[in-house]
Number of protein chains: 2
Amino acid sequence: MSLRHALLGLLDFRPGSGYDLLKIFNTSLGYVWPAKQSQIYGELTKLDATGLIKVTEEGPRGRKQYSLTPEGHAEAVRWLVETQESRPQRNPMLLQTFFLGLLPREEAVKRLLQHADTSAKEYDALLALRDTEDWDRDMLSACGRLVLEHGLRQRVLEQEWARWAADQLLAGPATEPAGEAGAADAHESSTTGEARTGK
Amino acid sequence: MSLRHALLGLLDFRPGSGYDLLKIFNTSLGYVWPAKQSQIYGELTKLDATGLIKVTEEGPRGRKQYSLTPEGHAEAVRWLVETQESRPQRNPMLLQTFFLGLLPREEAVKRLLQHADTSAKEYDALLALRDTEDWDRDMLSACGRLVLEHGLRQRVLEQEWARWAADQLLAGPATEPAGEAGAADAHESSTTGEARTGK
DNA sequence: TCCTTCATGTAACCGGTTACATGATTGT
DNA sequence: ACAATCATGTAACCGGTTACATGAAGGA
């Protein structure tokens, strides 16, 4: 039920209509929590009904500007301090990696390197985004900057990992797809066999 | 519709019952694609109905062992080679980060450092897992090893990023100019504020 | 005998996606 | 006049979660 809190967070920062909020989801926020128009409007109606937000102004085309009620603000803060968001972390790409053994080895390697390539492109896009915006306007954009940095590091990780994984497959067992386990050979070839801890 | 393909992938590797598959989801596979008992059984029934899998053996307690049909295998391979899995990437933790500005600064910093701590613990757990299993039995466990390595690197990233982000907040806006908050701090090696590219 | 594990199924619910539908206002 | 944008709403569907329900087989 995180969309609820995303809306509260945005409205706490600045009042706005469903349409305003949608635009934010389509740009910055959508990177970490996508939401569609229909869902946003529905959730706003519910939030209004439960008294966490209310209509504070009405505009031209039936536009309804929402603001947080005190209860809404309290709920937003409560969510931030109390909630330990854990990871369901459904990762389709890792799911596919899990089954890469079904493919001929070169095909699997190709797949991993494609992932590296995609990540590189995403990295560039994020970098461009970082250099166009100014990130010191307010607290929201300052925090957006933190999130963006996470995205950048994530893309670096994806590239490094994918290349490492491809190496592993090449250095690995000499079996055909769906075949028997072959002769084990000592790998642990490169230095990156173990992620370093920052603990 | 990824559960479908997860099941196909598992059954391609080795025939099994819903119960068998469930155990796999509760351990290794659950890290990247959780699934509940009810969903697994439902999906197996559907896959059977569409002819991608079939019952090849019946056991003691109504146990039904499923195997892939040729069409099922083809579909599994097609999914692996054709599908470009992109990221909806809903990340609750980054969503919260986005709104950290609602909290007093020290509270926000605390939140980030908690995240670092959690990630450190998860890192240790994964490391333990890595050292108990043997990862050279077959192609499936070999690929599982790749996925696990991704998890390790991910946890390292989370820690480094969270500490960097905490620093950013402390060094950031001077909205409350209550003295110098640790003026000259030598950042740890990798925290330049810019993720290095591996392109 | 009794408990645990094995083994499957189904129904209600919820968050999110797709698609359809409507109409007012503004700028060219 | 016309197109683009602003602005809201709703209904069908789908994947996933929670919870309930049943019973057979094996080991103590």
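Letters A, B, ... are given to chains in the order of the sequence lines, protein chains preceding strands, and every chain is numbered from 1. Note that the coordinates shown come from a computational prediction; the quantities given were computed from them, not determined experimentally.
- Between B/Phe25 atom CZ and C/dT8 atom P there is a gap of 14 Å when expressed in whole angstrom units.
- With sequence neighbours excluded, no residue forms a side chain to side chain donor-acceptor pair (under 3.5 Å) with B/Arg61.
- Annotation: side chain to side chain donor-acceptor pair (under 3.5 Å) contacts of A/Thr97 (sequence neighbours excluded): none.
- Both cation-pi conditions hold for B/Arg153 and A/Trp164: the charged atom is under 6.0 angstrom from the six-membered ring centre and inside a 45 degree cone around its axis.
- For DNA chain D, the neighbouring residues in residues 59-66 of chain A, judged by any heavy atom under 4.0 Å, are A/Arg61, A/Gly62, A/Arg63, A/Lys64.
- In this entry the distance linking CG of B/Leu3 with C1' of D/dC14 reads 13 Å, nearest Å.
- The two residues A/Leu100 and A/Ala108 come nearest to each other via the heavy atoms CG-CB, 3.7 Å.
- As rounded to whole Å, 9 Å separates atom C1' of C/dA7 from atom CD of B/Gln37.
- For A/Arg90 and D/dT17, the shortest distance from a side-chain N or O to OP1 or OP2 is below 4.0 Å.
- Near DNA chain D, defined here as any heavy-atom distance below 4.0 Å, the residues from residues 6-20 of chain A are A/Ser17, A/Gly18, A/Tyr19, listed numerically.
- Residues forming a salt bridge (charged side-chain N to carboxylate O under 4.0 Å, His left out) with B/Arg14 (at least two apart in sequence, or on another chain): none.
- Atom C1' of nucleotide D/dT17 and atom CG of B/Asn26 are separated by 14 Å, given to the nearest angstrom.
- Checked against ring-ring contact (aromatic ring centres under 6.0 Å, His included), A/His73 has no partners two or more places apart in sequence or in another chain.
- By the side chain to side chain donor-acceptor pair (under 3.5 Å) test, B/Gln114 is found to be paired with B/Arg111, residues two or more places apart in sequence or in another chain being considered.
- Atom P of nucleotide C/dT8 and atom CG of B/Leu47 are separated by 15 Å, given to the nearest angstrom.
- If you take CD of B/Gln39 and C1' of C/dG15, they are 14 Å apart, rounded to a whole angstrom.
- Taking atom CD of B/Glu43 as the reference point, atom C1' of C/dG9 lies 15 Å away to the nearest angstrom.
- Summarising the hydrophobic clusters (Ile, Leu, Val, Met, Phe, Trp, Tyr; side-chain heavy atoms under 4.5 Å, direct or chained), the residues clustered with A/Tyr19 are A/Tyr41.
- Scored by the side chain to side chain donor-acceptor pair (under 3.5 Å) test, B/Ser38 finds no partners at all (sequence neighbours excluded).
- Of the side-chain N and O atoms in A/Tyr41, none sit less than 4.0 angstrom from OP1 or OP2 of D/dG9.
- Spacing between atom CH2 of B/Trp33 and atom C1' of D/dT17 amounts to 15 Å, rounded to whole angstrom units.
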